[in-house]
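As the structure is a prediction and not an experimental result, all values here were calculated from the model. In the text below, chain A, chain B and the rest are named by the order of the sequence lines, each starting its count at 1.
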There are 2 protein chains.
Amino acid sequence: MGITKVDGFTPEVTQMAEILKALGHPARLAIMEYLINSPDCINGDLVDHLPLAQSTVSRHLSELKKVGLIKGTITGNCISYCINDDVWDKIKVFFNTSSDQITPGKSCAC
Amino acid sequence: MGITKVDGFTPEVTQMAEILKALGHPARLAIMEYLINSPDCINGDLVDHLPLAQSTVSRHLSELKKVGLIKGTITGNCISYCINDDVWDKIKVFFNTSSDQITPGKSCAC
DNA sequence: TTCCCATATCGCAATATTACGATATTAAAA
DNA sequence: TTTTAATATCGTAATATTGCGATATGGGAA
């Protein structure tokens with residue numbers, strides 16, 4: 001098949017899975033790190049930092065944008081992409097609150 | 001193609017991407033939440049909580065195990081799967097340290 | 001306007017993923 | 001030993017993903 005079942009899962013789980021799936025690729029994760037660490041939002045030389053063709057990088061950028069991880073556009077002299085803090089924080093919250101709920105000492109003895 | 005390029009990325013990025021990719025599926029994310037919230041490690045009734053066939057759930061479990069997100073096995077009377085805290089914490093650290101490096105007020109004006 | 005540069009989109013081919021039923025496996029129970 | 005219950009694996013078909021070259025697009029420069 002290749003099609004991912006969505007029925008039966010909560011919208012929260014489905015949405016978070018989409019975000020994490022977008023991050024689950026070396027190129028896209030590297031793009032996020034690059035955007036985080038770069039002093040400004042310009043991504044003009046992003047292609048030079050990745051071992052991928054320009055068209056492929058553009059495709060990955062559009063996927064990151066699709067799930068809301070990055071925002072911005074290339075319109076004329078305003079060339080910029082940057083992190084969407086809202087979504088990034090959402091991920092942080094997800095993992096932090098989840099971890100708190102792990103019962104201490106629950107590690108299985110197998 | 002469908003094949004993911006690995007050459008040119010740091011091992012850290014590649015490994016974290018694999019972990020996040022494993023989490024980037026509603027079923028697998030739901031499994032993790034279930035394991036976190038369940039009082040014990042037993043996952044016998046996991047299939048009842050997911051809208052998927054038993055064989056599909058088993059496959060997802062094996063993928064979570066492949067990247068180290070869960071550990072444990074079904075061996076005789078010791079039926080258990082549980083979270084691998086090491087890997088889970090690794091994810092937490094990854095996002096927390098990354099977020100700290102975001103330059104404040106860097107949001108692009110486009 | 002025409003040219004140039006950077007980014008986006010398209011089309012394709014190769015591979016990966018997903019899901020399910022059927023079957024195999026494994027260990028406990030009868 | 002045979003049966004039973006639970007999980008794992010196999011085989012499959014359908015769809016998704018990935019990457020690249022070619023091309024389109026859009027704005028500034030000449």
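Where Ile3(B) and Ser62(B) meet DNA chain D, the nucleotide closest to each residue was compared, and Ser62(B) sits on the side nearer the 5' end.
A search for side-chain hydrogen bond (donor to acceptor under 3.5 Å, both in side chains) contacts involving Lys66(B) returns nothing, not counting sequence neighbours. Residues that satisfy the side-chain contact (heavy atoms from CB on, under 4.5 Å) test with Ser58(B), not counting sequence neighbours, are Gln54(B). Thr56(A) pairs by the side-chain contact (heavy atoms from CB on, under 4.5 Å) definition with Leu52(A), Ala53(A), His60(A), not counting sequence neighbours.
Using a 4.0 Å heavy-atom distance criterion, Thr4(A) is classed as a sugar-phosphate-only contact.
Of the listed residues (Ile31(A), Val87(A), Ile19(A)), just one forms a side chain to side chain contact (heavy atoms under 4.5 Å, CB included) with Leu64(A), and that residue is Ile31(A).
Less than 4.0 Å separates DNA chain C from at least one heavy atom of each of the following residues of residues 13-30 of chain B: Lys21(B), His25(B), Arg28(B).
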message: How would you summarise protein contacts on nucleotides 20-25 of chain C per nucleotide, using B for base, S for sugar-phosphate only and - for none, with heavy-atom distances below 4.0 Å?
response: BBB---
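Between the CD1 atom in Ile83(B) and the CD1 atom in Ile36(B) there is a gap of 3.5 Å [rounded to 0.5 Å].
The nearest whole Å value for the distance from the CD atom in Glu63(A) to the C1' atom in dT9(C) is 14 Å. Atom-to-atom, NZ of Lys66(A) to P of dT18(D) comes out at 10 Å; the value is rounded to the nearest Å. When rounded to the nearest whole Å, the span between CD1 of Ile31(A) and C1' of dG19(D) equals 13 Å. Atom C1' of nucleotide dT9(C) and atom CG of Leu61(A) are separated by 14 Å, given to the nearest angstrom.
Minimum heavy-atom separation, Leu29(B) to Val13(A): CD2-O, 3.6 Å.
Below 30°, between 30° and 60°, or above 60°: for His49(B) and Tyr34(B) the angle between ring planes is between 30° and 60°, a tilted geometry.
Close to dG19(D), at under 4.0 Å from its OP1 or OP2, lies a side-chain N or O of His60(A). Between Tyr81(B) and dA8(D) there is a side-chain N or O to OP1 or OP2 distance below 4.0 Å.
Between the Asn84(A) side chain and the Gly68(A) main chain, a donor and an acceptor come within less than 3.5 Å of each other.
Each salt bridge (charged side-chain N to carboxylate O under 4.0 Å, His left out) pair with one or both residues in residues 8-25 of chain A, not counting sequence neighbours, would appear here, but there are none.
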